[in-house]
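Worksheet for the structure shown next.
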Protein chains: 2
Amino acid sequence: MTVTLADVAARAQVSPATVSRVLNGNYPVAASTRERVLRAVDELDYVLNGPASSLAAATSDLVGILVNDIADPFFGIMAGAIQSEIGGPGGRAGGERLGVVCNTGGSPERELTYLTLLQRQRAAAVVLTGGATEAAPHQAAMSAKLRKLADAGTRIVLCGRPPAPETGAFALTFDNRGGGRELTEHLIGLGHRRLGYIAGPEERTTTRHRLEGHRAALSAHGIEEDPRWTVHGRYDRRSGYEATLELLRRDPSLTAVVAANDSVALGACAALRDSGLRIPDDVSVAGFDDLPFSIDAVPALTTVRLPLAEAGARAGRIAMGREEPPPGGIATVRGELMVRGSSGVPRG
Amino acid sequence: MTVTLADVAARAQVSPATVSRVLNGNYPVAASTRERVLRAVDELDYVLNGPASSLAAATSDLVGILVNDIADPFFGIMAGAIQSEIGGPGGRAGGERLGVVCNTGGSPERELTYLTLLQRQRAAAVVLTGGATEAAPHQAAMSAKLRKLADAGTRIVLCGRPPAPETGAFALTFDNRGGGRELTEHLIGLGHRRLGYIAGPEERTTTRHRLEGHRAALSAHGIEEDPRWTVHGRYDRRSGYEATLELLRRDPSLTAVVAANDSVALGACAALRDSGLRIPDDVSVAGFDDLPFSIDAVPALTTVRLPLAEAGARAGRIAMGREEPPPGGIATVRGELMVRGSSGVPRG
DNA sequence: TCCTAGATAGAAAGCGCTTGCTGTAACGCT
DNA sequence: AGCGTTACAGCAAGCGCTTTCTATCTAGGA
């Protein structure tokens, strides 16, 4: 039924070994023979059996990309950039690799399970994007799993995620702390003294780092933070909306709201508007990431731009071994403060 | 070095066959034996060799999801919904399948290459999302490829894409034409008579169908379309911005701009604002898809809501054989007109 | 002209798993 | 007590490819 290597060999009047060598191009084959084989491949419409090939060669051409939320452009942009470097179809890369993105939905268990599945497939490389979960048991499990993958020859790259010591993983880490600090300092510089903060889910590195940056800025300027000023939520618009209403309820005198990311900031803007407050006249708003839609908010969002595409591309290249890993295996990627219309001097 | 089935068998004092059966759970194994095997698996930290398993069983647990642009939430939302039904980790599904999304970037060649790669891997199913390219050669190539995949036992589902006759593919098609028509009729009903249209890339089914719906509405109301009123572009914000400026240049008397999708509409809004025009007082704007950010535009975007998540979930279930395919293999998914602030009665 | 090295091609041994078929023991029935 | 079942477990034959080792042939070199 299905065409096999042997069929091609028969048709080309050569041995299966020769066909394999032509297809893999890692062994000298006479030009005339090669051509004959290629013609047979074409005529029979032969498609290599991936599993058989992977089994025999003990390697596969699968590269996994793990993301927390595929519906979020934050991850979509990174994943797209990574995948384009993985090569896959049309990529710049040589070997045709299958770059596949796996959606963990932010669940630690799914993250682990996907890793196992990729381990099963003997993936050539794995890129993990975005923040990690900080719960100790999960971190330990992840470390063990990553180490095992690395031992099996899978190259591991972390993109926008803190380093995982002793796992053999390369890391391109976003400077979330620095970005958060810069953002809040900008607001403080404008004169704000009462700033609400809508954080992401707890136990996430991204959440913690951005919040730490925010607090560092506050304390550096002698502003004592009121515990009521921080609310945790998910990384989505809805959460931003609700959290903002909560902040307003807790302390109506806030003059600025800093959001965990741009989607949350959008929700915050909506909540403020629905509460009859003007942006930035009554309350300034700031986001994080600078996703494409952020500039279309009205007023445009003040935020921290993260070079998602660049970082993703670099991570992809490192995963493919086409770029030197950073010295020490770790590199920090900085964000850039984008001051736009949503932040202004506080009223009064 | 690596642990194999045989190692587990030895440790559990059973034959490899038994271990395999315990792991696959498709053959009676005594409870005590099963437990012993499972313990051995655990102690040795055994991970199944995917390729070997796929080769022997002549099937794999890979399910491919093809998207045109992974950075676009339109696809991200569908992909996420599909993947969650594919099961994979944490999904409701039983068998652990690896749902992987492949980013074609809208390139026909990449689409084909990904399909070949998935064919190589003997994918269990493939879901293709979003509009298709209409160039005849490519369509023929796609048909042939899909048919071949289907023949090899891969289940094919099209989600948000027109049916592919005689390929054995199931289709969940979006009623882009109907949605486009309804949207434009809404604007006409408000009194608009001069409507600009920003279409997507040419040779795309989605582009053509939405545009046809728009034109059907116009002619149904006796409005003769001026060729200057249509501009083609990409499905992104930037394109919407530029196209809007172009439309304004061609005919400043337009009172409404209909965009190919919400991102384009956002760009259109920005262009209008930058041109000193108010929305909807001077010009009404309408989008398509109703992505999450659309409600946050100011004013909120009038658009056609497509049930992306629902359609994706259903496509995923069909791909997994957990839901009956629609009768005739084809189902049409309708959109819902969402009237919001960006559309109003024309000035004067 | 004979010998050796270089260049290709083939034979065959797996890679690690699945599964049809073959035992074998325990069970229920008459 | 004897026999047909039923319930498990094992054997062994591949699945389709890669790769090491060996064989063959041709081109130089002495």
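Chain letters run A, B, ... following the sequence lines, proteins first and then strands; every chain starts at 1.
Here the nucleotide nearest the side chain of B/Ala56, chosen from C/dT18, D/dC17, C/dT8, is C/dT18. Distances were taken from every side-chain heavy atom of B/Thr2 (C-beta onward) to each of C/dG16, C/dT8, D/dG16; the shortest belongs to C/dG16.
Although no hydrogens or angles enter the test, the distance criterion places a donor-acceptor pair under 3.5 Å between the side chain of A/Gln83 and the main chain of A/Gly99.
Nucleic acid contact class of B/Val19 (heavy atoms, under 4.0 Å, all strands): none.
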What pairs of nitrogen or oxygen atoms, one from the protein and one from nucleotides 20-23 of chain D, lie under 3.5 Å apart?
residue: D/dT20; atom: O4; partner: A/Arg21; partner atom: NH1; Å: 3.1

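Rounded to whole Å, atom P of D/dG16 lies 15 Å from atom CG of A/Leu44. In this structure, the CD atom of B/Gln13 is 20 Å from the P atom of D/dC8, given to the nearest Å. In this structure, B/Arg122 atom CZ and D/dG16 atom C1' are separated by 9 Å, rounded to whole Å. Here the P atom of nucleotide C/dT18 and the CG atom of B/Leu23 are 7 Å apart, to the nearest Å. Look at CG on B/Leu5: it is 9 Å from C1' on C/dT18, rounded to the nearest Å. Note: CZ (B/Arg120) to P (D/dC17) measures 11 Å, nearest angstrom. If you take CZ of A/Arg34 and P of C/dT8, they are 9 Å apart, rounded to a whole angstrom.
The 5' end of DNA chain D is approached more closely, in terms of each residue's nearest nucleotide, by B/Leu55 than by the other of B/Leu55 and A/Pro16.
Contact between the side-chain N/O atoms of B/Thr33 and the OP1/OP2 oxygens of D/dC8 is not found at any separation under 4.0 Å. Contact check, A/Thr18 against C/dG10: a side-chain N or O comes under 4.0 Å of OP1 or OP2. Put simply, B/Ser53 has no side-chain N or O that comes within less than 4.0 Å of OP1 or OP2 on C/dC17. For the pair A/Ser20 and D/dC17, the criterion of a side-chain N or O lying under 4.0 Å from OP1 or OP2 is not met. Between A/Asn49 and D/dC15 there is no side-chain polar atom (N or O) within less than 4.0 angstrom of OP1 or OP2.
In this structure, A/Asp45 CG and B/Lys145 NZ are separated by 6.5 Å, a value rounded to the nearest 0.5 Å. Here B/Tyr27 contributes atom OH and B/Thr18 contributes atom OG1; the two are 9.0 Å apart, rounded to the nearest 0.5 Å. Atoms CZ and CG, on A/Arg21 and A/Asn26 in that order, are 8.5 Å from each other to the nearest 0.5 Å. The CD1 atom of B/Ile65 lies 10.0 Å from the CG atom of B/Leu118; values are rounded to the nearest 0.5 Å.
A donor-acceptor contact closer than 3.5 angstrom is absent between the side chains of A/Thr113 and A/Thr116. Donor-acceptor pairing under 3.5 Å is recorded for the side chains of B/Glu111 and B/His138.
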